Trainee: 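One structure follows; several queries about it will come next.
The shown structure was predicted, so the numbers you read here are calculated from the model rather than taken from an experiment.
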Amino acid sequence: SGVRQKDRSINRFTPLDKILDMYDHTTTVTANPKIFDRTYSGLISRINSEAAMIYHYCRVANEDLDNRIQSEAKQRLELQEKAIDRCLWLKTDIRLAQRTFHLRAKKVVYWNNLVNIALDAIKAWNSAEKRAYKDKYGL
């Protein structure tokens, strides 16, 4: 196309963008003191921490580790797997929050769907890299 690459709009469909969307929603929802009673600050803190760690693991894997180096490729896979595990924990804590804070089902379904979108993106990224690294490094 005639548009220079640096002038093109940012693609909002990368795994990191999907994770950031989920993180933004999570922190916005949990910041509402009318819904999230601070008596349960431990659960609120854990939910926000899980969302942040999912992004952190994926950002480090994507931006700080070089997949052309075998040891770093292995670390990328490990961080992706940690992010997948955190997504599962976050889904559990969203369910706990639903009960604790009496969240509407519609709100929980939407929130859980954002986590599922992020989770599916991370799993697809992890599977693609596992295939590539198996051929390249025997991992």
Trainee: Report the distance from atom CD1 of Ile94 to atom CZ of Arg99, rounding to the nearest 0.5 Å.
Mentor: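 Taking CD1 in Ile94 and CZ in Arg99, the distance rounds to 15.0 Å.
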Trainee: Hey, could you give me each pair passing ring pair (Phe, Tyr, Trp, His ring centres under 6.0 Å) that has a residue in residues 38-61? Not counting sequence neighbours.
Mentor: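 Residue pairs with at least one partner in residues 38-61: Tyr40-Phe101.
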Trainee: Not counting sequence neighbours, which residues clear side chain to side chain donor-acceptor pair (under 3.5 Å) with Asp66? List them please.
Mentor: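 Counting only residues at least two positions away or on another chain, Asp66 forms a side chain to side chain donor-acceptor pair (under 3.5 Å) with Arg68.
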Trainee: Apply side-chain contact (heavy atoms from CB on, under 4.5 Å) to Asn62 and Leu79, showing your working.
Mentor: CA-CA 10 Å; Asn62 188 55; Leu79 288 172; over 6 Å; no
Trainee: So, for Ala61 and Trp125, which heavy atoms are closest and what is the spacing to 0.1 Å?
Mentor: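 Heavy atoms of Ala61 and Trp125 come nearest at CB-CH2, 3.9 Å.
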Trainee: Under the side chain to side chain donor-acceptor pair (under 3.5 Å) test, which residues partner Arg131, sequence neighbours left out?
Mentor: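 Result, side chain to side chain donor-acceptor pair (under 3.5 Å) vs Arg131: none returned.
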Trainee: Report yes or no: do Met53 and Val60 belong to one cluster of Ile/Leu/Val/Met/Phe/Trp/Tyr joined by side chain heavy-atom distances under 4.5 Å?
Mentor: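 Per the 4.5 Å side-chain linkage, Met53 and Val60 are co-clustered.
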Trainee: Could you give all pairs that pass the side-chain hydrogen bond (donor to acceptor under 3.5 Å, both in side chains) test and reach residues 103-119, with sequence neighbours left out?
Mentor: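 Only Thr26-Trp111, Lys91-Asn116 qualify under side-chain hydrogen bond (donor to acceptor under 3.5 Å, both in side chains).
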Trainee: Flag yes if Ile84 and Ile19 sit in one hydrophobic cluster, no otherwise; membership is Ile, Leu, Val, Met, Phe, Trp, Tyr, and two members link when side-chain heavy atoms are under 4.5 Å apart.
Mentor: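 Per the 4.5 Å side-chain linkage, Ile84 and Ile19 are co-clustered.
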Trainee: Kindly determine whether Leu43 and Ile47 satisfy side-chain contact (heavy atoms from CB on, under 4.5 Å), including the steps that lead there.
Mentor: CA-CA 6 Å; Leu43 177 58; Ile47 288 170; 4.0 Å; yes
Trainee: Can you check side-chain contact (heavy atoms from CB on, under 4.5 Å) on Ile35 and Val29, steps first, answer last?
Mentor: CA-CA 8 Å; Ile35 298 172; Val29 168; 5.7 Å; no
Trainee: Over all heavy atoms of both residues, which pair between Ala121 and Lys18 is shortest? Give the atoms and the distance, please.
Mentor: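 Between these two residues, the closest heavy atoms are CB-CD, 3.8 Å.
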Trainee: Could you check whether atom CZ of Phe36 has more than 12 heavy atoms from other residues, nucleotides or ligands sitting under 6.0 Å from it?
Mentor: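 More than 12 heavy atoms, drawn from other residues, nucleotides or ligands, come within 6.0 Å of this atom.
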Trainee: Ion pair present between Asp64 and Arg59, side-chain N to carboxylate O less than 4.0 angstrom?
Mentor: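 Here Asp64 pairs with Arg59 in a salt bridge, since their nearest N and O are under 4.0 Å apart.
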Trainee: When you group the ILVMFWY residues by side-chain heavy-atom contacts below 4.5 Å and let the links chain together, are Leu90 and Leu88 in the same group?
Mentor: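 Yes, Leu88 connects to Leu90 through the hydrophobic network.
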Trainee: Find the distance between NZ (Lys74) and CD (Glu72) and round it off to the nearest 0.5 Å.
Mentor: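 Lys74 NZ to Glu72 CD: 13.5 Å, rounded to 0.5 Å.
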Trainee: Would you find a donor on one side and an acceptor on the other, under 3.5 Å apart, between the side chain of Thr27 and the backbone of Asp24?
Mentor: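 Checking the backbone N and O of Asp24 against the side chain of Thr27, a donor-acceptor pair under 3.5 Å is found.
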Trainee: Apply side-chain contact (heavy atoms from CB on, under 4.5 Å) to Tyr133 and list each qualifying residue two or more places apart in sequence or on a separate chain.
Mentor: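 For Tyr133 the side-chain contact (heavy atoms from CB on, under 4.5 Å) partners, ignoring immediate neighbours, are Asn67, Ala73, Arg76, Leu77, Glu129, Tyr137, Leu139.
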Trainee: Output every pair passing side-chain hydrogen bond (donor to acceptor under 3.5 Å, both in side chains) with a member in residues 45-54, not counting sequence neighbours, ordered by first then second residue.
Mentor: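 Found Thr30-Asn48, Arg46-Asp93.
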Trainee: Quick check for you: to the nearest 0.5 Å, what is the distance between Lys123 atom NZ and Lys130 atom NZ?
Mentor: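 Lys123 NZ to Lys130 NZ: 10.5 Å, rounded to 0.5 Å.
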Trainee: Roughly how far apart are Ile44 CD1 and Thr39 OG1, rounded to 0.5 Å?
Mentor: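 Rounded to the nearest 0.5 Å, the CD1-OG1 separation comes to 8.5 Å.
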Trainee: Nearest 0.5 Å, please: how far is SG in Cys58 from CD in Glu63?
Mentor: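 These two atoms lie 10.5 Å from each other.
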Trainee: Rounded at 0.5 Å granularity, tell me how far CG in Asp37 sits from CG in Asn32.
Mentor: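 Going from the CG atom of Asp37 to the CG atom of Asn32 covers 11.5 Å.
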Trainee: Give the C-alpha distance, both sets of side-chain angles, the deciding distance and a yes or no for side-chain contact (heavy atoms from CB on, under 4.5 Å) between Val108 and Arg95.
Mentor: CA-CA 8 Å; Val108 172; Arg95 180 72 171 140; 5.9 Å; no
Trainee: Using every non-hydrogen atom in the two residues, find where Val115 and Cys87 come nearest and quote the distance to one decimal.
Mentor: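 For Val115 and Cys87, the tightest heavy-atom pair comes out as CG1-O, 3.8 Å.
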Trainee: Identify the two heavy atoms, one from Met22 and one from Ala51, that lie closest to each other, and give their separation to 0.1 Å.
Mentor: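 Closest pair (atom of Met22, atom of Ala51, distance): SD-CB, 4.0 Å.
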Trainee: Indicate yes or no: at least one non-hydrogen side-chain atom of Ile122 is less than 4.5 angstrom from one of Ile54.
Mentor: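 Ile122 reaches Ile54 side chain to side chain.
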